[in-house]
Amino acid sequence: GVWRQTKALLFKNCLIKCRTKKSSVQEVLFPLFFLFWLILMSMMHPHRKYGEVANTNLGTLDTSVLVNFVIGYTPPTRMAREIMKKVAFDNFEDGLITEEYLSEEELQEASAFKPSNFVGVVFTDAMSYQLRFPDTVAMSSIYMESR
């Protein structure tokens with residue numbers, strides 16, 4: 001029955017492994033080689049540990065940098081409009097230029113034609129957002145250990 005078939009299959013596999021020693025050795029050594037290579041690469045590029053930064057007063061914001069600064073946002077919901085209004089007028093005397101877009105695709109097209117002082121804001125829900133810079137997505141470096 002089953003035991004005889006299993007024993008015959010194991011015997012057959014042992015014969016094959018004995019007759020093809022080169023491929024059998026390669027089956028064992030290649031994974032070990034790649035494991036060694038991965039360990040070596042991780043040792044060459046260690047994780048960077050960043051220490052805590054003490055709370056300091058950064059002083060007043062230089063608003064001259066933000067002249068003609070454009071912030072585009074999507075989707076144009078009531079909450080997004082309120083947030084962008086607060087950002088543009090309550091925090092800066094001159095106000096920032098804010099533009100609303102119906103979709104993220106329109107925002108990306110607009111950022112391609114705008115100068116480098118354009119930033120896009122994509123609201124994923126009422127309290128979450130992503131910043132979009134021309135051709136890139138801004139990622140937080142706080143939670144990234146390594147690339």
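Quick note: residue numbers are just sequence positions, from 1.
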For [X] versus [Y], what's the shortest heavy-atom pair and its separation?
X	Y	result
Leu102	Pro76	CD2-CG, 3.9 Å
Leu107	Phe118	CD1-CZ, 3.8 Å
Ile71	Val121	CG2-CG2, 3.8 Å
Ala80	Pro75	CB-O, 3.6 Å
Gly72	Tyr101	CA-CE1, 3.8 Å

Atom [atom1] of [X] and atom [atom2] of [Y]: how far apart are they, to the nearest 0.5 Å?
X	Y	atom1	atom2	answer
Glu27	Thr20	CD	OG1	7.5 Å
Glu100	Thr77	CD	OG1	9.0 Å
Phe34	Leu40	CZ	CG	13.5 Å

Hydrophobic clustering (ILVMFWY, side-chain heavy atoms < 4.5 Å, transitive) - are [Y] and [X] grouped together?
X	Y	result
Met84	Leu131	yes
Trp37	Met44	yes
Leu35	Met43	yes

Ionic contact status for Glu82 with Arg78, cut-off 4.0 Å |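 So Arg78 pairs with Glu82 through a salt bridge.
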Please check if atom OH in Tyr129 has more than 12 non-hydrogen atoms from other residues, nucleotides or ligands closer than 6.0 Å.
-> no
Scan Ile83, Val119, Thr98 and name whichever one has a side chain to side chain contact (heavy atoms under 4.5 Å, CB included) with Tyr73.
-> Thr98
